[in-house]
Amino acid sequence: MHEAVDKILVSQEAIMKRCQELGEEISDDYRKKNTVPYVVALLKGSVPFLAELVKHIDLDIQFDFMDVSSYEGTESIGDIKINKDLDCSVKGLSILLVEDIVDTGRTLKEVTKLLKNKGAEDVKVVSLLDKPDRRTVEIEADYVGFEIPNEFVIGFGLDYDQKYRNLPFVGVLKREYYE
């Protein structure tokens, strides 16, 4: 375990297993709809989750990235900033939005609204983590890896000050590192 980690919330093994389950569920759902999702991952935090998840989606998917931010330090500031938009039009596409964590829900709500305004047929969300105690807007992910308590988490893509993203598990950051 890393010295900055107070405790592990979700092990690497649990993440791998859940990604397989989510990939199978997503594949089945989109097959039933007779469509293939255009997978859009939100940088940077969702990259490890995306990389593991797509191994288990048994469809001929394409994926793209958006860089969207709403955080400063440990707090969501509420302003949504688009740093990188998609490389192609999403008009008429079924979007599967890949997120590392649903926290306040503000970012997800704004990105979902933006994609629908750009003409996406529908937008579904898959998130590795869900922190419902922090929600400030009405939004839910369609597919959730793990529901977690209101603690500051790092690892498997999640960071503090751009560090700890490469940890192979999701852990709670020790308070002395951010207070």
Applying side chain to side chain contact (heavy atoms under 4.5 Å, CB included), can you list everything that pairs with Ala51, at least two apart in sequence or on another chain?
none
Going by the rule side chain to side chain contact (heavy atoms under 4.5 Å, CB included), which residues pair with Asp6 if we only count those two or more places apart in sequence or in a different chain?
Val172, Lys174
Residues in side chain to side chain donor-acceptor pair (under 3.5 Å) contact with Tyr177, at least two apart in sequence or another chain:
none
Could you go through Lys33 and Asp122, starting from their C-alpha distance and side-chain angles, then the distance that decides it, and tell me whether this counts as salt bridge (Lys or Arg N to Asp or Glu O under 4.0 Å)?
CA-CA 12 Å; Lys33 290 179 11 177; Asp122 63 43; 3.3 Å; yes
Any salt bridge (Lys or Arg N to Asp or Glu O under 4.0 Å) involving residues 137-155? Give me the pairs, sequence neighbours left out, ordered by first then second residue.
Lys7-Glu151, Arg135-Glu140
Can Leu158 be reached from Leu22 by stepping across I, L, V, M, F, W or Y side chains whose heavy atoms are under 4.5 Å apart?
yes
Check whether any side-chain N or O of Ser46 sits under 3.5 Å from a backbone N or O of Phe49 as a donor-acceptor pair, and report yes or no.
no
Validation row: Pro168, Ile15 side chains within 4.5 angstrom (heavy atoms):
no
When you look at Val125 and Ile139, which way does the side-chain contact (heavy atoms from CB on, under 4.5 Å) test go after all the steps?
CA-CA 10 Å; Val125 176; Ile139 193 159; 5.6 Å; no
Do Arg134 side-chain atoms and Asp103 backbone N/O form a donor-acceptor pair below 3.5 Å?
no
Set of side chain to side chain donor-acceptor pair (under 3.5 Å) partners for Lys44, sequence neighbours left out:
Gln162
Residues passing the side chain to side chain contact (heavy atoms under 4.5 Å, CB included) test with Asp87, sequence neighbours excluded, are Asp64, Lys84
Co-membership, hydrophobic cluster, residues Met16 and Ile26, 4.5 Å side-chain
yes
Check side chain to side chain donor-acceptor pair (under 3.5 Å) between Asn34 and all other residues, then give those that pass, not counting sequence neighbours.
none
Hydrophobic clustering (ILVMFWY, side-chain heavy atoms < 4.5 Å, transitive) - are Ile95 and Val144 grouped together?
no
Distance-only check: which donor-acceptor pairs under 3.5 Å involve side-chain atoms of residues 53-61, not counting sequence neighbours?
residue, atom, partner, partner atom, Å
Lys55, NZ, Glu52, OE1, 3.0
His56, NE2, Glu52, OE2, 3.1
Asp58, OD2, Arg31, NH2, 3.1

If a pair satisfies side-chain hydrogen bond (donor to acceptor under 3.5 Å, both in side chains) and one of its residues is in residues 110-120, list it, with sequence neighbours excluded.
Asp85-Lys118
side-chain contact (heavy atoms from CB on, under 4.5 Å), paired with Ile154, selected from Val170, Leu9, Asp159, Leu167
Leu167
Paired with Val98, the side-chain contact (heavy atoms from CB on, under 4.5 Å) test is passed by just one of Val47, Leu128, Val39, namely Val39
Please identify each residue that fulfils side chain to side chain contact (heavy atoms under 4.5 Å, CB included) with Val111, with sequence neighbours left out.
Leu42, Met66, Val68, Leu97, Thr107, Leu115
Can you tell me which residue pairs pass the ring pair (Phe, Tyr, Trp, His ring centres under 6.0 Å) test with a partner in residues 2-44, sequence neighbours excluded?
His2-Tyr164
Using side-chain heavy atoms (C-beta onward) and a distance below 4.5 Å, is Phe65 in contact with Leu50?
yes
Holding to side chain to side chain donor-acceptor pair (under 3.5 Å), I want the full list of residues that pass it with Lys17, two or more places apart in sequence or in another chain.
Glu21
